[in-house]
Protein chains: 2
Amino acid sequence: MTSNKGIHEACFMKEKCLQYDTCPMVLVQNLLAGKRKILILWYLNYGTLRFNEIKGKMPDVTQKMLTQQLRSLEQDGLIYRNVYPVVPPKVEYGLTESGKRIIPILKMMHGFGAHYLEKNPDVDPQ
Amino acid sequence: MTSNKGIHEACFMKEKCLQYDTCPMVLVQNLLAGKRKILILWYLNYGTLRFNEIKGKMPDVTQKMLTQQLRSLEQDGLIYRNVYPVVPPKVEYGLTESGKRIIPILKMMHGFGAHYLEKNPDVDPQ
DNA sequence: TGCTATAGTATATAAAAAGATACTTAAAAT
DNA sequence: ATTTTAAGTATCTTTTTATATACTATAGCA
């Protein structure tokens, strides 16, 4: 019996998803799996934000972790980082074209979340 | 100066998102942040699947981790788990009503991922 | 002279996630 | 009597993630 490691028999879009290692859904899973990434993208859709502005919106994140998540999103091309050579430092983060294309998805997520919270009023989002 | 810990000045849907701890987006971030959750939901939309069927679609997941992710999704009410009292065991997983409501989001994600891969042919999804 | 501000880096430690491997269960098949 | 099967659990180790804390640079201000 031959190995069928990674074959996606069940994927909807068969032409794109015959194999695990070329599946767009696997990509998205990896792009968005981070613990803060969805939220960072969501906040940035409001407009560009400085480091401390993002930090201020997430009460429970450390500077180091936020830096890590931002760098990762930057490497994936979803956000850009613009450093102004001033003192004290000023660094602006914003969505790239690629990042902006995620926003409709995030809006649907928000709708889902709101509905979920209505149906489960006992649930704590955190 | 008073603390403004967790205030969401920048959220789109202000009436729902004035505070971090009641924000639907924070909820969704936490529901979907798991390393395999998006993929599991995606596969289950095809139809109910048995444990080993899901496992077979993810070449690099251990039994333990898959069990954990499934339990977590079950606790969050996105999937159900149906145990048949037979030997050897048979356990079926499927989407709940809540889980089905995520599918349109996943379909958009797939579209995004496919487009991203077209623009960045060098990227490895994994 | 020393203080403040911003966006970090450095280092050490703790906690959580993930992986590897072995074990379980009980019926049916060999 | 042994093997196979499906869906796990148990235990231990490694890796990743996260926290805490201290430190840096430099211009402007008091």
Side-chain angles (χ1 to χ4, degrees), chain A residues 1 3-6 9-10 20 26 29-40 43-44 47-76 79-94 126, chain B residues 1 3-6 9-10 20 26 29-40 43-44 47-76 79-94 126:
Chain A
M1 174 191 175
S3 161
N4 66 342
K5 175 174 175 299
E9 315 94 27
Y20 188 82
V26 172
Q29 168 74 85
N30 289 325
L31 286 181
L32 299 183
K35 211 137 225 171
R36 314 278 177 174
K37 291 185 176 177
I38 290 174
L39 273 182
I40 292 173
Y43 296 151
L44 286 181
T48 62
L49 289 174
R50 297 178 66 177
F51 184 85
N52 276 345
E53 290 175 321
I54 301 173
K55 192 165 181 298
K57 299 185 186 309
M58 300 187 191
D60 54 352
V61 72
T62 60
Q63 206 161 15
K64 188 188 167 194
M65 288 315 303
L66 183 54
T67 301
Q68 272 183 25
Q69 299 275 296
L70 288 168
R71 291 293 189 282
S72 174
L73 286 168
E74 191 193 0
Q75 277 192 15
D76 291 336
I79 68 174
Y80 67 84
R81 177 171 179 269
N82 196 3
V83 182
Y84 295 82
V86 295
V87 170
K90 176 175 177 180
V91 179
E92 258 181 19
Y93 293 92
Q126 298 184 71
Chain B
M1 175 190 173
S3 160
N4 67 341
K5 176 175 175 298
E9 315 93 26
Y20 189 83
V26 172
Q29 168 72 84
N30 289 324
L31 286 181
L32 299 183
K35 210 136 224 169
R36 314 279 177 175
K37 290 186 176 177
I38 290 175
L39 273 180
I40 293 174
Y43 295 151
L44 286 180
T48 62
L49 289 174
R50 296 178 66 176
F51 184 86
N52 277 344
E53 290 174 321
I54 301 173
K55 191 163 181 301
K57 298 186 188 306
M58 299 187 191
D60 54 352
V61 72
T62 59
Q63 207 159 13
K64 184 192 166 193
M65 287 316 303
L66 183 54
T67 301
Q68 274 183 21
Q69 299 275 295
L70 288 168
R71 292 291 190 283
S72 174
L73 287 168
E74 190 192 1
Q75 277 191 15
D76 291 335
I79 68 173
Y80 67 85
R81 177 172 179 269
N82 196 3
V83 181
Y84 295 83
V86 296
V87 170
K90 177 176 177 180
V91 179
E92 257 180 18
Y93 293 92
Q126 296 183 75

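We name chains A, B, ... by the order of the sequence lines, and we start the count at 1 in each one. Reckoned from all heavy atoms, side chains included, excluding hydrogens, waters and symmetry mates.
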For a quick test of your reading: what N or O donor-acceptor pairs under 3.5 Å do the side chains of residues 30-37 of chain B make, sequence neighbours left out?
unit_1  : atom_1 : unit_2   : atom_2 : d
B:Asn30 : ND2    : A:Pro125 : O      : 2.7
B:Asn30 : ND2    : B:Val26  : O      : 3.2
B:Arg36 : NH1    : B:Asp60  : OD1    : 2.9
B:Arg36 : NH2    : B:Asp60  : O      : 3.3
B:Lys37 : NZ     : B:Ser72  : OG     : 2.7

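A 4.5 Å side-chain heavy-atom check between A:Leu73 and A:Leu44 finds every atom pair outside the cut-off. For the pair A:Gln63 and A:Phe51, the minimum side-chain heavy-atom distance is below 4.5 Å. Looking at A:Arg50 and A:Asn52, their side chains never come closer than 4.5 Å, going by heavy atoms from C-beta outward.
The side-chain hydrogen bond (donor to acceptor under 3.5 Å, both in side chains) check on B:Glu92 picks up B:Tyr84, with sequence neighbours excluded. Considering only residues two or more places apart in sequence or on other chains, A:Val91 meets the side-chain contact (heavy atoms from CB on, under 4.5 Å) condition with A:Arg81, A:Val83, A:Tyr93.
Nearest heavy atom pair, residue A:Tyr20 against residue B:Lys57, reads CD1-O, 3.4 Å.
When each of A:Pro89 and B:Val61 is assigned the nucleotide of DNA chain C bearing its nearest heavy atom, the one mapping closer to the 5' terminus is A:Pro89.
Atom CG of residue B:Asp76 and atom CZ of residue B:Arg71 lie 13.5 Å apart, to the nearest 0.5 angstrom.
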Base, backbone or nothing for each nucleotide of nucleotides 8-18 of chain C, written B, S, -, heavy atoms under 4.0 angstrom, 5' to 3'? BS-BB----SB
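Between chain B and DNA chain D, the heavy-atom contact criterion of under 4.0 Å yields a 5' to 3' nucleotide range of D:dT5 to D:dT17.
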